[in-house]
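Heads up, the thing below is written out as structure tokens.
Position 1 is the first residue of the sequence, and the numbers go up from there.
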Amino acid sequence: MIDWQRVVLNIRQKRSLATVSRDINVGYQHLSRISRGEVQEPKFEAGIRLLDLHYKLCREKHTPMNIFSD
């Protein structure tokens, strides 16, 4: 299972959540909840956009070991 919290936190190290929210067309509050672990996973389309952005910004961390939970 993808660790969405880790994905969002990795992205947040590169860009603000406000910027990410605009870039991938997902509400800031929703991203904030994911980063705090309050939401376990985004909707499918948002998840795809998050993973694409993660790959673009955090390529060194975009590995199964870093984005999948145990």
Side-chain angles (χ1 to χ4, degrees):
M1 175 176 254
I2 294 174
D3 185 340
W4 292 104
Q5 182 179 18
R6 187 179 302 173
V7 168
V8 173
L9 291 174
N10 288 342
I11 292 170
R12 191 173 73 179
Q13 291 176 352
K14 306 283 185 173
R15 288 193 183 161
S16 72
L17 288 184
T19 301
V20 173
S21 172
R22 286 189 302 273
D23 288 349
I24 66 168
N25 196 28
V26 172
Y28 171 83
Q29 292 296 328
H30 188 62
L31 288 177
S32 184
R33 286 184 199 109
I34 294 171
S35 73
R36 292 190 308 265
E38 296 172 5
V39 172
Q40 297 304 310
E41 65 182 35
K43 292 185 179 180
F44 181 80
E45 294 84 11
I48 294 297
R49 291 191 298 265
L50 275 170
L51 288 175
D52 285 345
L53 187 59
H54 189 266
Y55 180 75
K56 180 180 173 185
L57 297 177
C58 310
R59 194 167 293 189
E60 72 284 354
K61 294 180 180 180
H62 195 82
T63 64
M65 186 172 62
N66 286 317
I67 63 172
F68 288 98
S69 61
D70 298 330

Do [X] and [Y] have side chains that approach each other closer than 4.5 Å (heavy atoms only, starting at C-beta)?
X: D3; Y: N66; result: no
X: L51; Y: I2; result: yes
X: L53; Y: K14; result: no
X: R15; Y: D23; result: yes

Candidate pair M1 and E41, rule side chain to side chain contact (heavy atoms under 4.5 Å, CB included), full reasoning: CA-CA 10 Å; M1 175 176 254; E41 65 182 35; 4.1 Å; yes

With rounding to the nearest 0.5 Å, note down the distance linking [atom1] in [X] to [atom2] in [Y].
X: K61; Y: I11; atom1: NZ; atom2: CD1; result: 11.0 Å
X: I24; Y: L31; atom1: CD1; atom2: CG; result: 5.0 Å
X: Q13; Y: C58; atom1: CD; atom2: SG; result: 7.0 Å

Over all atoms of both residues, closest heavy-atom pair of W4 and I34: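 Looking at all heavy atoms of both residues, the shortest contact is O-CG2, 3.6 Å.
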
Heavy-atom closest pair, residues P42 and A46: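 Minimum heavy-atom separation between P42 and A46: CB-CB, 4.0 Å.
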
S32 backbone acceptor or donor facing S35 side chain under 3.5 Å: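 Such a contact is found between S35 side chain and S32 backbone.
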
Are [X] and [Y] linked, directly or through other ILVMFWY residues, by side chains that come within less than 4.5 angstrom of each other?
X: V7; Y: I48; result: no
X: V39; Y: V8; result: yes
X: L9; Y: L50; result: no

Intermediate values then yes/no, side chain to side chain contact (heavy atoms under 4.5 Å, CB included), I67 and H54: CA-CA 10 Å; I67 63 172; H54 189 266; 3.5 Å; yes

Enclosure of F68 CZ (heavy-atom neighbours >12, cutoff 6.0 Å):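 Above 12, so yes.
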
Y55 and H62 aromatic ring geometry - parallel, tilted or perpendicular at 30°/60° bounds: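 Perpendicular.
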
Electrostatic pair R36-E38, nearest N-O below 4.0 angstrom: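 Answer for the salt bridge query: yes.
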
